[in-house]
Amino acid sequence: MRRPIFSLKLSPSLKVKLVQAGFQFTSDLVDLSPLQLTRDAGVSQQEAREVLQAVRIHGDRVSLTGLELLKKEEELRSIVTFCSQLDGALDGGLPVGKTTEICGVPGVGKTQLCLQLAVDVQVPLCFGGVEGQVIFYDTEGSFLPQRVVDIATATIRHCSLLAEDEEQRVAMTTFTVETILSNIFLVRCHDFVELMAELHLLPDFLRDWPRVRLLVIDSVAFPFLQLFDDLSQRTRLLQGLSQQLISIATSHNMAVVVTNHMTTRLRGDQSHLVPALGDLWGHAPTIRLLLHWDRTQRLASILKSPCHMAATVQYQITSWPRLLSDVSSPVLPANSAASQVTSR
Amino acid sequence: MCKNRSQWSTHIKAQLKSVRDVLYLSGPDLQRRTALSCSEVQELLTAAAAACRRHRPTTALQLHHSERQRSKSSLRLSAACPVLDLLLRGGLPVGAITELSGESGAGKTQLGLQLCLSVQYPPEHGGLSSGALYICTEDQFPIRRLQQLIAGQSVLRSDVPSSLNSCLCFSDHIYIEHTADLESLKVCLSRRAPLLLGQGLVRLIVVDSVASLFRCEFQADDWLERNKQLLILSSMLHYLSQEFDASVLCINQVTDVFSQSANSLGPSSSSVCPALGLAWANQVMVRLMMLRLQETVSRGDESSTLRRLEVVFAPHLARDGRHVAVWREGVRGVVLPE
């Protein structure tokens, strides 16, 4: 396949020089030595080396067929939410290798779902889990270990009830609250510069911790609200962020989950609730989940997804052990679903 | 931050003053402005990112252990009533914004005053061993009521040794500010509050109330400016609470719910919802609501209208509520006979 030089990741001025010298495609450059390139295109030696390196990296890439991609995707597991209706609608849970946005009004359960996922991604392989680790970017300060302990306890209880064979019973001995907490890496980001910096350092972190399978940003809207003066810069930074998240998700086989606020938009006389950060950001996530209220019921709707049917399911947030914990009280999985699916 | 001198000079040419400026720009943008090669730009970005990092990622386990080591109650500010502390899992969170809304006469200010006294107790009694900053925007500070509450502390806090109750000089540690407009509130929060917090004189800020200034200063049609000012105010409060590890309590008014669209903000248990809309609601971590009920309760020669304190949302609390009553010595939970 012939690849134009303009598509390479090089500085614009360098690309212009190469094209002016008559180089159109990467195939034109493959056989050249740095010295020849310096002479022919009038670039410095260092630039020439960089160009040839870029060509070589791209030359190594092979194209995949649709079948290979399908097989690759089937190997990736999903993160179960333990909310059976939601898992059903999402075809087994939140997909690994894709970006998902959870939006909703304050108090509807965005953070709860994130905390639940941070625990669920650690479910052992023999239970059909992913057995991964989590990196959790907390921008609002709403990550409270107290609640994670609640959810971890409920999830362990749930899994131990499911354990049937010896392998699962052995796996349960290491699936404890302590290990669950130690597999959640927390980063507190106070503003968007800190968030961008951390995401930039993420590849180094992932080299040390290759088992990380989930990245959570709770919430992505909060740090960007500070940029109310310069909307064009906000848009540009958000674009950069969305590209970065997509490349993290695909290159490291990770599920990326971000939460977003809601905002009011006036359309004619009526006001509507829409996800914050504008329309352009809406293209960033692969899957968009909306959590909302219908009177006293909590509902989750799939707003956007290339591979799931639009659906609305009901969910609950349960199991809040009292401060003085009551042993006899029944413990349910922390997010358990009730009622039926209403497809739209 | 930079590896060599030549790199440094190119940054100055590109007018990048601080490390933070580097991260504002995208990779290709940086390349154009600094005329560095791709790999050098990556190096620069990594160096800048490392300089901006405050902490390395910590595990939740480390966080959990360090929280346990600090005595349990210093993470929460006790509401000085076991029933309410049970509802709030220990009290008001430290380092976060809590909102308390309700109709007039629901008892919001009463609870605010009570917390100003509770914060002065040592951590083993649910306090933070520090004072409080009380910012009034609506009314005169209810100083007589405060004196009455101070006198009633020995009754309210019968769990605390009486020697401790008598040696705390409660009124010396409450700093009162009156701000009649938004500008003076911002000055107070940006200049005076950091001084008090920085010296450790204060670890609780009560704003009574946030709604009144916004409701009187802005017309219905400049909601854009209003939202902007709300964000400025909330980011100031966020900064103070996080930087100085303080509790922030914002008292808010309520608005009536007319339209169906307001229903989508939450399950409506009453006909009112907190004022200032979604832009403000996105900024608070814990939202509490005080409702005034029809019944009255009596105790000896005192009687009080029954109220209900409800948790609307919080990341660590269930939606729940407790009946409370306002007595001479303060706000207390009421256990109603079935």
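So that the names make sense, note that chain A is the first sequence line, chain B the second, and so on, each numbered from 1.
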From the options B:Val312, B:Val284, B:Leu278, select the one residue that forms a side-chain contact (heavy atoms from CB on, under 4.5 Å) with A:Pro106. B:Leu278

Residue from A:Trp209, A:Phe205, A:Tyr137 passing side-chain contact (heavy atoms from CB on, under 4.5 Å) with B:Pro57: A:Phe205

Check each atom of [X] against the heavy atoms of chain B and say whether the ones under 4.5 Å are side chain, backbone, both or neither.
X        : result
A:Asp218 : neither
A:Thr263 : backbone
A:Phe136 : neither
A:Val149 : side chain
A:Glu178 : both
A:Ile135 : side chain
A:Glu47  : neither

Give the minimum heavy-atom separation between B:Ala49 and A:His200, together with the two atoms involved.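 Of all heavy-atom pairs spanning B:Ala49 and A:His200, the closest is CB-CB, 4.0 Å.
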
Write down the atom of A:Leu181, the atom of B:Thr59, and the distance for their closest heavy-atom approach.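 The pair with the smallest heavy-atom distance is O-CB, 3.9 Å.
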
Can you tell me how far apart [atom1] ([X]) and [atom2] ([Y]) are? Round to the nearest 0.5 Å.
X        : Y        : atom1 : atom2 : result
A:His190 : B:His238 : NE2   : NE2   : 11.0 Å
B:Asn227 : A:Thr264 : CG    : OG1   : 8.0 Å
B:Arg76  : A:Gln146 : CZ    : CD    : 4.5 Å
A:Lys110 : B:Phe313 : NZ    : CZ    : 8.0 Å
A:Ile180 : B:Leu61  : CD1   : CG    : 11.0 Å

Of all of A:His272, A:Gln239, A:Glu50, A:Arg188, which one pairs up most often with chain B through heavy atoms under 4.5 Å apart?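 Ranked by contacts with chain B, first place is A:Glu50.
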
Counting heavy-atom pairs under 4.5 Å with chain B, which one of A:Leu186, A:Asp294, A:Val187 comes out on top?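 Of A:Leu186, A:Asp294, A:Val187, A:Leu186 has the most heavy-atom pairs under 4.5 Å with chain B.
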
So do A:Val148 and B:His64 actually touch side chain to side chain, heavy atoms under 4.5 Å? no

Donor-acceptor check, side chain of A:Glu194 to backbone of B:Arg53, threshold 3.5 angstrom: yes or no? no

Which of the residues B:Val286, B:Leu45, B:Asn282 is involved in the greatest number of heavy-atom pairs with chain A at under 4.5 angstrom?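 Most heavy-atom pairs within the cutoff with chain A belong to B:Asn282.
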
Heavy-atom cut-off 4.5 Å, strictly under: side chain, backbone, both or neither for B:Ala281 against chain A? both

Chi angles and distances behind the side-chain contact (heavy atoms from CB on, under 4.5 Å) call for A:Leu144, B:Arg89: CA-CA 12 Å; A:Leu144 295 172; B:Arg89 288 182 96 174; over 6 Å; no

